[in-house]
Structure formats: structure tokens, C-alpha cells
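What follows is a single structure, written as C-alpha cells, with notes after it.
When a ligand or atom number is given, it counts from 1 through the structure's own listing order.
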Amino acid sequence: MDDLATRGVVLLGCGKMGGALLSGWLSGGLPPEAVTVVDPRPSDWLSAQGIRLNAPLPEAPAVLILAVKPQLMGEALPQVTRLGGGGTLVISIAAGTSLATLEEAFGADTPIVRVMPNTPAAIGQGISAMIGNAAAGEAHLDRTEALMRVTGPALRLQDEAQMDAVTGVSGSGPAYVFHMIECLAAAGEAEGLPPEMAMQLATQTVAGAGALAAQAQEAPDQLRRNVTSPNGTTQAGLEVLMDEEAGLPPLVRRTVAAAAGRSRELSRG
Ligand SMILES: NC(=O)C1=CN([C@@H]2O[C@H](COP(=O)(O)OP(=O)(O)OC[C@H]3O[C@@H](n4cnc5c(N)ncnc54)[C@H](OP(=O)(O)O)[C@@H]3O)[C@@H](O)[C@H]2O)C=CC1
Ligand SMILES: O=C(O)[C@@H]1CCC=N1
């Protein structure tokens, strides 16, 4: 974080995702006074962090992070495009905003890395994937990886087109899992449980299964078999859930395809 502390970091947009990343970096040792945030309506949390808020930008910060909604990128970028030209590494977390679009704004000689994080980054349990433009060398990717690793594993992509699939799987993915918790709790209520107890059972089951899947030696399909006694309760449930026509496989396939498709659509402008 040394160079970041001396040259500074600029964050354009500090909402849910920008805030989650910033909170991880501040906890990881980035000094608040090295951070300049540009955001029209800063949250109370942000105002209490001791960072430079809507202050003049440093001359040549080490890193500029773009964390505004893709639809607002066009109107937000003019505030920071003067940081293009080579000295500052530009990292964009915006869904569906292509490297080509960002190069148009900053110049093709600007090192630019696109990253797709997700909100569990707020508790160091995120995962992200990245790809850089031609001006982004190994050192720029290493720097981006070091920043993102504070929030969880950081993967490198070979092809920018993969970013749409990453967005559909892990960028949007936490929302699918939260909805699974909602559905599981609602089903528990329908089977007669009190709402609070149903929600606690559903939340901890998803959290525990996720943690076990992440830590166990066995793959998820084996972990699933470990729960499933022959002709028992799980088998009865899975016969519904795993139905190839009406169960989860086609539903999840359509869900991820819709999110990845929207990412492609956004990148066409
Ligand atoms: N949320 C998520 O799970 C993920 C989001 N992303 C990407 O992160 C980016 C941000 O998403 P998210 O954090 O959810 O969105 P938010 O709306 O929560 O955050 C965006 C922030 O930018 C601010 N903003 C709006 N206009 C400007 C401007 N002109 N200049 C500076 N700041 C501005 C917004 O202020 P105000 O609210 O007042 O408009 C808000 O605080 C998006 O590009 C999204 O694709 C990527 C991965 C996961
Ligand atoms: O919904 C969105 O567009 C953003 C990108 C990935 C997660 N949230």
C-alpha cells in the first residue's frame, strides 16, 4: 500500500460496491487521508471515515477507481478524465463498460483494468476477476490483484468477453443466493415454522453449506451426496429441485444467461 499512501487513491462513486471495497482497503491499512472520494451524496459512513470528500483531486494519484453505475458513467467521467495518459492506473468495476469505451474517455495509452467484484467483499469473502487493456502491463495487473485480494481471491481473465459470464455468475450471484435464502425461509414458514426461526434456519444453512463447499476436499456434488440418504428426505426434495425440465438447472442457466446478456447489452451502449 506504500505507493498508494503517498500518491493517493481516487474513488469515483462510493455506493454499495465502492463502499464495500473502500471499507476492505481501509481495514487493510490504506490511510484514509490518502483517499479522495468523488460522490454527490456521501453516506454517513463515508463522511465519518476521515477521507478527502469531494476535495480537489491529487495531481497524479496511483490509482483511480470507477464505481458509478454504468448508465451514469458518461456524465461522471469528465470529472476524472484528466487523470488519463499513463501515470494513473484506472480500475473500473462497472458492469458492461468495455475497455474500448474507457479508452475513448482516458486515451489508449492509459493503463485500464476492468474488474468484476461482488458484495461479500465487504466482509473479505468476495471474489473478483479482471482483465486489462494493452497499456496495462504485468505491474498494473499485479497492483490491481493486490488491491482486490484484500477482499477475496482475484482471478485473471484471458478475454474481455468472459467478463459478461463472470458478471452473470459471481457479480450478480450473491443476489441469487440471497433469494434462495428468502425462498427457503418462505417454504419453511409454509411448512409451519415461525418466520424468524425459518429465516435463521435458511440463512445459517446457506452460510454453512457455502463455507463447507469452500473448505471441504470434496466437490459440491459429493457434498450433496453426503446429505442424501437413499430413499430419504433429501432425495425426495432433490427429485423436485434437480428436475432437468422444471427444476433448478434450466432456471439457473436462464438466470445467468439473462444477466450475462444484460452485461453484453450495456457494453453496446
Ligand atoms: N452492487 C453490486 O453488487 C456490484 C456492483 N458493481 C458495479 O459497481 C458500480 C456501482 O454499483 P453500486 O455500488 O451497486 O451502485 P450505487 O448506486 O450504490 O453506487 C454508485 C455511487 O455513485 C454515486 N454517483 C452517482 N453519480 C455520480 C457522479 N456523477 N459522480 C460521482 N459519483 C456519482 C452514487 O450517488 P447517488 O446514490 O447519490 O446517485 C452512488 O453513491 C456499478 O458500475 C456496478 O455495475 C460490480 C459488481 C457488483
Ligand atoms: O446489477 C448490476 O448491474 C451490478 C453488476 C453486478 C452486480 N450488480
Hey, looking at [atom], which of [options] has the closest heavy atom?
| atom | options | value |
| --- | --- | --- |
| atom 38 (O) of ligand 1 | Lys69, Arg41, Glu75 | Arg41 |
| atom 6 (N) of ligand 1 | Asn54, Ile93, Leu11 | Ile93 |
| atom 34 (C) of ligand 1 | Asp39, Val80, Leu66 | Asp39 |
| atom 47 (C) of ligand 1 | Pro117, Ser43, Gly171 | Pro117 |

Any N/O of [X] closer than 3.5 Å to an N/O of ligand 1?
| X | answer |
| --- | --- |
| Lys16 | yes |
| Ala95 | yes |
| Leu72 | no |
| Ala76 | no |

Taking the side chain as every heavy atom from C-beta outward, state whether Asn54 and Pro42 have any pair of such atoms under 4.5 Å apart.
->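 Yes; the side chains approach each other to less than 4.5 Å.
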Run the contact test for Met73 against ligand 1 with a 4.0 Å cut-off on heavy atoms, strictly below, and give the result.
->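 False for this residue.
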For [atom], which protein heavy atom lies nearest, and how many Å away is it?
| atom | value |
| --- | --- |
| atom 7 (C) of ligand 2 | Gly171 O, 3.4 Å |
| atom 1 (O) of ligand 2 | Ser172 OG, 4.7 Å |
| atom 5 (C) of ligand 2 | Ala95 CB, 3.7 Å |

Under the 4.0 Å line, does any protein heavy atom show up next to atom 19 (O) of ligand 1?
->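 Under 4.0 Å from atom 19 (O) of ligand 1, at least one protein heavy atom found.
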Heavy-atom distances under 4.0 Å are what count here, so tell me which part of Ala94 touches ligand 1: side chain, backbone, both or neither.
->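 Both backbone and side chain of Ala94 come within 4.0 Å of ligand 1.
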Residue portion contacting ligand 1 (non-hydrogen atoms closer than 4.0 Å) for Ser172 |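 It is neither part, as no heavy atom is under 4.0 Å.
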Starting from the C-alpha separation in whole Å, work towards a yes-or-no answer on side chain to side chain donor-acceptor pair (under 3.5 Å) for Gln235 and Asn231.
-> CA-CA 6 Å; Gln235 184 179 323; Asn231 208 21; 4.6 Å; no
